[in-house]
Amino acid sequence: MTLKLEIWKNQNELYNRAVEIISEQLMSGAKTFGLATGGTMIPLYKNLRNSKLDFSHCQSVNLDEYVGVSKDHPESYYTFMRSHLFDAKPFKVTNIPDGVAEDIQKESKAYENLLKSLTVDLQILGVGENGHIGFNEPGTAFTSETHVVELTTSTREANARFFQSIEEVPKLAITMGISSILRAECILLLAIGEKKRPAIEALLKGKITEDIPVTSILQHSNVILLTDLSIEEEGT
Ligand SMILES: N[C@@H]1[C@@H](O)[C@H](O)[C@@H](COP(=O)(O)O)O[C@@H]1O
C-alpha cells in the first residue's frame, strides 16, 4: 500500500496541484482517465477547462450515473460532464453508464466488460460523507464490479442540493464496483471540507473496512490523496 498524503490548506493551490498531477500523467503517456462527478470536481474541471491540456486523443470512463434520469436531465452525470468538462475539453471517446437503458442489469455488465477491456491510467475520485466512492455505499463488497445500487438516505440527502427536493433525487444508480475502481493504475482522491473528515480520518488510521468504502483504496499500491483537512497522519 502506498498512499501519498498531501495537505493543501488553500483550495486553489490544492486544485492547481491536482491539475499538475493530471498534466504529469498526460505527459507520461496516460490516455485513459477515470472521471468523477460531485461538487468537489467542479473547480477541478474549471481549472482543466482553463488549462492548455489536450485530451482529444484520450478516452474517459465515468464512475457512475443515476438510474431513470435521461441524458438531457440537468442533473444527469452525462449533463454534468458535458457542461463542466467535455463541451470545452473534448475527449476522443467518453463513456458513462446509461441510466435509462432498458435493461439496467445488462447495462452494468456491458459497462464492466468495457472497463475490463481497457486500463485506466488515472482514476479521479471524490468521497461521500459516509465514505462512499462512486456510488458504492457502506457495506459494499470490495470484490464488487459494476452494479446497480440503491442509494442510502444519507447520499440522497447530500445530493438533494442539486435537485429541487429530496423526492427528486433518484433512488438507484449504476456504479463501477470497488474492484473495478481499484484496477486503475493510479488513484487521485480529492477530499475537501469538514464533512469528509470522518471518512478521511478512518482512511488515514489505516483500517480497511467495507463499512467505509474509501478505505478499500488502502489495498491499492499507488494513491495520491489531496485534502484541505488538517489531519495527523497515522498508520500509513
Ligand atoms: N457519486 C458521486 C461521488 O462520486 C462523489 O464522490 C460524491 C461526493 O460529492 P461531493 O464532491 O459533492 O461532496 O458524490 C456523488 O455521490
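Order of appearance sets the numbers: ligands from 1, and atoms from 1 within every ligand. Bear in mind the structure is a predicted one, so any value in this text is a computation, not a measurement. As a basis for the values below, the full set of heavy atoms in this structure was taken, side chains included, without hydrogen atoms, waters or symmetry mates.
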Run through all N or O atoms in ligand 1 and write down each protein N or O closer than 3.5 Å, as a pair with its distance.
| from | atom 1 | to | atom 2 | distance (Å) |
| --- | --- | --- | --- | --- |
| ligand 1 | 1 (N) | D64 | OD2 | 2.7 |
| ligand 1 | 1 (N) | G134 | O | 3.1 |
| ligand 1 | 6 (O) | V127 | N | 3.3 |
| ligand 1 | 11 (O) | G39 | N | 3.3 |
| ligand 1 | 11 (O) | T40 | N | 2.9 |
| ligand 1 | 11 (O) | T40 | OG1 | 2.4 |
| ligand 1 | 12 (O) | G39 | N | 2.7 |
| ligand 1 | 12 (O) | R161 | NH2 | 2.6 |
| ligand 1 | 13 (O) | K196 | NZ | 2.7 |
| ligand 1 | 16 (O) | H132 | NE2 | 2.8 |
| ligand 1 | 16 (O) | N159 | ND2 | 3.4 |

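Side chain to side chain, D98 and Y111 fail the donor-acceptor criterion of an N or O pair below 3.5 Å. Judged purely by distance below 3.5 Å, without hydrogens or angles, the side chains of S180 and E112 pair a donor atom with an acceptor atom. T155 and E137 are linked by a side-chain donor-acceptor pair at a separation below 3.5 angstrom, with hydrogens and angles left out of the test.
Here CD1 of I96 is found 6.5 Å from OG of S60. Values are rounded to the nearest 0.5 Å.
Both L188 and L53 sit in one connected hydrophobic cluster of ILVMFWY residues. Membership requires side-chain heavy atoms under 4.5 Å apart, directly or through other members.
Panel note: side chain T227, backbone L229; a donor-acceptor pair is recorded below 3.5 Å.
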